[in-house]
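As structure tokens, the structure follows; a few thoughts come after it.
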Protein chains: 2
Amino acid sequence: MRSGMSGQRVKVDRVFHALGDATRRAILESLSRGPVSVSQLAEPLELTLAAVVQHLQVLEESGLVRTEKVGRVRTCRIDPEGLSVANQWIADRRSLWERRLDRLGNLLAETGEE
Amino acid sequence: MRSGMSGQRVKVDRVFHALGDATRRAILESLSRGPVSVSQLAEPLELTLAAVVQHLQVLEESGLVRTEKVGRVRTCRIDPEGLSVANQWIADRRSLWERRLDRLGNLLAETGEE
């Protein structure tokens, strides 16, 4: 496997692992309405700060979230990079599948013409 | 929560839980090249038939895969429904986020004009 391919594989694995958890998806849903602090994230989701910090670490490592600490407040925001990785993987599965359906359709059409 | 909303939530939860597993993603990668039997799926992935059947059940319940048994052979294929659910969730996160960036951009432009 080429190193470029396996780097992409690691990214895909991290992003889908991160998205596989309902609490982390709830965090992303909150953040898609705008940046918030860690404590503002924790409250509506009824999570401890420690739990949010742990989920944020997974989300940061997968490129789904960026955080920035200014003074004592850490602000979290969506990182579009991770969503792009997930989106691309899904689009690739669909396009391979759809191209296959197209080829089948052409084959059937050609068979019909004979 | 309205029943329509919670039905969609259940679908989203199932799809991302299913996509969160690397073996199930490998199964979807195989199937995007075309339909195969359960044993044809198992061999290159070095999985037991029992393991494949278990993963297929999760994939079927989440609308990512369809299987059909003819005689003694069960054929598996991609179901585009599940991929659409995942795609839509990602697109919604991105569009909320991008609309927010647009509003911020407009606000900055207006402030600059004053």
Side-chain angles (χ1 to χ4, degrees), chain A residues 1 5-6 8-36 58-59 62-66 76-105 107, chain B residues 1 5-6 8-36 58-59 62-66 76-105 107:
Chain A
M1 200 182 269
M5 282 288 285
S6 91
Q8 188 59 24
R9 173 66 47 145
V10 169
K11 279 190 192 177
V12 167
D13 282 352
R14 280 193 184 149
V15 164
F16 280 108
H17 167 72
L19 290 175
D21 180 88
T23 304
R24 285 194 288 268
R25 288 197 306 281
I27 289 175
L28 291 170
E29 286 174 5
S30 291
L31 294 181
S32 61
R33 292 187 288 273
V36 287
V58 177
L59 289 164
S62 63
L64 287 159
V65 164
R66 273 183 226 169
C76 317
R77 63 191 77 232
I78 291 267
D79 184 346
E81 167 73 19
L83 290 176
S84 291
V85 169
N87 205 36
Q88 193 53 53
W89 187 88
I90 292 170
D92 288 347
R93 302 286 79 68
R94 286 171 72 145
S95 82
L96 279 170
W97 177 244
E98 279 158 15
R99 255 183 285 156
R100 211 192 152 271
L101 287 183
D102 284 349
R103 283 202 306 275
L104 269 179
L107 199 69
Chain B
M1 204 182 266
M5 283 289 285
S6 90
Q8 188 58 24
R9 171 67 48 146
V10 169
K11 279 190 191 176
V12 167
D13 283 353
R14 281 193 185 149
V15 165
F16 281 107
H17 167 70
L19 291 174
D21 180 86
T23 305
R24 285 195 288 269
R25 288 197 306 280
I27 290 175
L28 290 171
E29 286 174 5
S30 291
L31 294 181
S32 61
R33 293 188 286 272
V36 288
V58 177
L59 289 164
S62 62
L64 287 159
V65 165
R66 276 182 224 169
C76 316
R77 63 192 76 229
I78 290 267
D79 184 346
E81 168 74 19
L83 291 177
S84 291
V85 169
N87 206 35
Q88 192 55 53
W89 187 87
I90 292 168
D92 288 348
R93 301 286 79 66
R94 287 172 71 147
S95 81
L96 278 169
W97 177 244
E98 280 157 13
R99 253 182 287 156
R100 213 191 150 271
L101 288 183
D102 284 349
R103 282 202 308 275
L104 269 179
L107 199 69

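Order of the sequence lines sets the chain letters (A, B, ...), proteins ahead of strands, with each chain counted from 1. Quick caveat: nothing in here was measured; it's all calculated off a predicted structure.
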What's the shortest heavy-atom distance between B:R24 and B:A18, and which atoms?
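Of all heavy-atom pairs spanning B:R24 and B:A18, the closest is NE-O, 3.0 Å.
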Would you call A:E81-A:R66 a salt bridge at under 4.0 Å N-O?
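Looking at A:E81 and A:R66, the cut-off is not met.
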Among [options], who wins on heavy-atom pairs under 4.5 Å with chain B?
options                    : answer
A:D13, A:I90, A:I78        : A:I78
A:L31, A:D21, A:V15, A:L28 : A:L28
A:P80, A:G34, A:A22        : A:G34

With side chains defined as the heavy atoms from C-beta onward, is the minimum distance between A:Q88 and A:V12 less than 4.5 Å?
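They are not in contact (no side-chain heavy atoms under 4.5 Å apart), so the answer is no.
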Given heavy-atom pairs under 4.5 angstrom as the criterion, report whether the side chain, backbone, both or neither of A:S95 touches chain B.
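A:S95 has no heavy atom closer than 4.5 Å to chain B.
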Shorter than 4.5 Å, heavy atoms on both sides: which option in B:H17, B:R77, B:R94 has the most such pairs with chain A?
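If we count pairs closer than 4.5 Å to chain A, B:R94 comes out on top.
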Checking A:R25 side chain against A:L19 main chain: does a donor-acceptor pair fall under 3.5 Å?
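Between the backbone of A:L19 and the side chain of A:R25 there is a qualifying donor-acceptor contact (under 3.5 Å).
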With no hydrogens and no angle check, do the side chains of B:E29 and A:W89 hold a donor and an acceptor under 3.5 Å apart?
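There is such a pair (donor and acceptor under 3.5 Å, judged by atom type) between the side chains of B:E29 and A:W89.
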